Amino acid sequence: MDKINVAGAVHAYEDEGEGEVLLFVHGFPLDSRMWRQQIASFSKSHRVLVPDLMGFGQTPLEPPQEKLLMADYAKGLSALLDALSIREPVTLIGLSMGGYVALAFWKHFTDRLKGLGLVHTRAVADTPEGAKGRHETAAKVLKEGMGVVEGTMLPKVLAPGASPNVAKEVKEMMLATSREGAAAALRGMAERPDFRPELPKIRVPTFVLCGDHDPIAPEAEMEEMAKAIQGSRFAVIHGAGHLSPVEKPAEFNAALRGWLEA
Ligand code: MLT
């Protein structure tokens with residue numbers, strides 16, 4: 001894993017391969033390791049850049065902050081591209097919270113995008129009850145640790161029949177996330193706006209992908225998202241839950257490559 005100083009703070013990232021840049025952004029509460037099998041495959045044809053978002057994995061939450069908005073993570077990614085002297089537009093693929101960050105990146109840095117991959121993610125805002133629940137979870141995580149999130153999320157993110165190795169890998173990532181990083185993200189997610197009115201304005205080539213066993217970003221809702229984005233391509237990974245890049249890497253990689261090469 002590489003590390004670079006971005007605006008006075010350390011940013012950790014994987015950087016493999018050569019060519020057009022694919023920027024993969026992980027979900028909550030995970031880190032760059034969730035893209036392991038995409039790094040292995042796509043680094044043969046692309047430059048694959050996979051950061052740990054601020055407060056996740058090996059990127060510390062510097063300076064300490066109570067809340068990070070999706071736009072803050074997007075600004076961090078833009079600063080990382082600057083620090084790496086990447087000026088050409090990149091294809092950003094974000095999963096779930098990474099997708100919220102991808103939408104914020106589109107809003108703030110459209111010119112930096114060649115393509116957009118929205119994977120197991122949502123355009124709607126939290127309901128008031130959902131947002132309240134996030135704040136309560138943030139407070140609980142700070143007090144009791146990441147077991148609080150792992151206990152409720154792990155059963156939801158994997159499709160029935162997921163291999164024990166996959167479950168172990170995901171659990172380890174969840175438990176390794178810092179409490180402060182998770183709390184800041186939960187509070188930021190609670191404040192994200194309803195992005196649906198923006199979707200018809202997206203002009204960047206877009207790929208929308210879901211799993212047919214994902215209760216967090218349901219297939220029907222993701223299909224609506226794809227319909228709202230002009231010219232987007234929609235794919236369903238059968239038998240996948242919320243984490244198809246980890247659960248069904250071969251199928252996910254084939255679907256992504258199909259779009260990239262279309
Ligand atoms: C994620 O996978 O990033 C989370 O499920 C996103 C969320 O909690 O909304």
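Since we're looking at a predicted model, the values are computed, not measured. One-based numbering, in listed order, for ligands and for the atoms of each. All values below come from the heavy atoms of this structure, side chains included, with hydrogens, waters and symmetry mates left out.
- Qualifying salt bridge (Lys or Arg N to Asp or Glu O under 4.0 Å) partners for Lys143, counting only residues two or more places apart in sequence or in other chains: none.
- Under 4.0 Å from any atom of ligand 1, one finds heavy atoms of residues Gly27, Phe28, Ser96, Met97, Tyr100, Arg134, Met153, Met189, Ile216, His242.
- The one candidate from Lys140, Lys132, Arg134 that meets the side chain to side chain donor-acceptor pair (under 3.5 Å) condition with Glu136 is Lys132.
- Distance NE2/His26 to CD1/Ile93: 14.5 Å, rounded to 0.5 Å.
- Here side-chain hydrogen bond (donor to acceptor under 3.5 Å, both in side chains) pairs that include residues 150-164, with residues two or more places apart or in two chains, number zero.
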Taking only distance into account, with no hydrogens and no angle test, what donor-acceptor pairs under 3.5 Å do side-chain atoms of residues 69-82 form with protein atoms, sequence neighbours excluded?
| residue | atom | partner | partner atom | Å |
| --- | --- | --- | --- | --- |
| Asp72 | OD2 | Leu69 | N | 2.7 |
| Ser78 | OG | Arg112 | NH1 | 2.9 |
| Asp82 | OD1 | Arg112 | NH1 | 2.9 |
| Asp82 | OD1 | Arg112 | NH2 | 3.0 |

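- Side-chain contact, Gln38 with Asn253: a donor N or O sits under 3.5 Å from an acceptor N or O.
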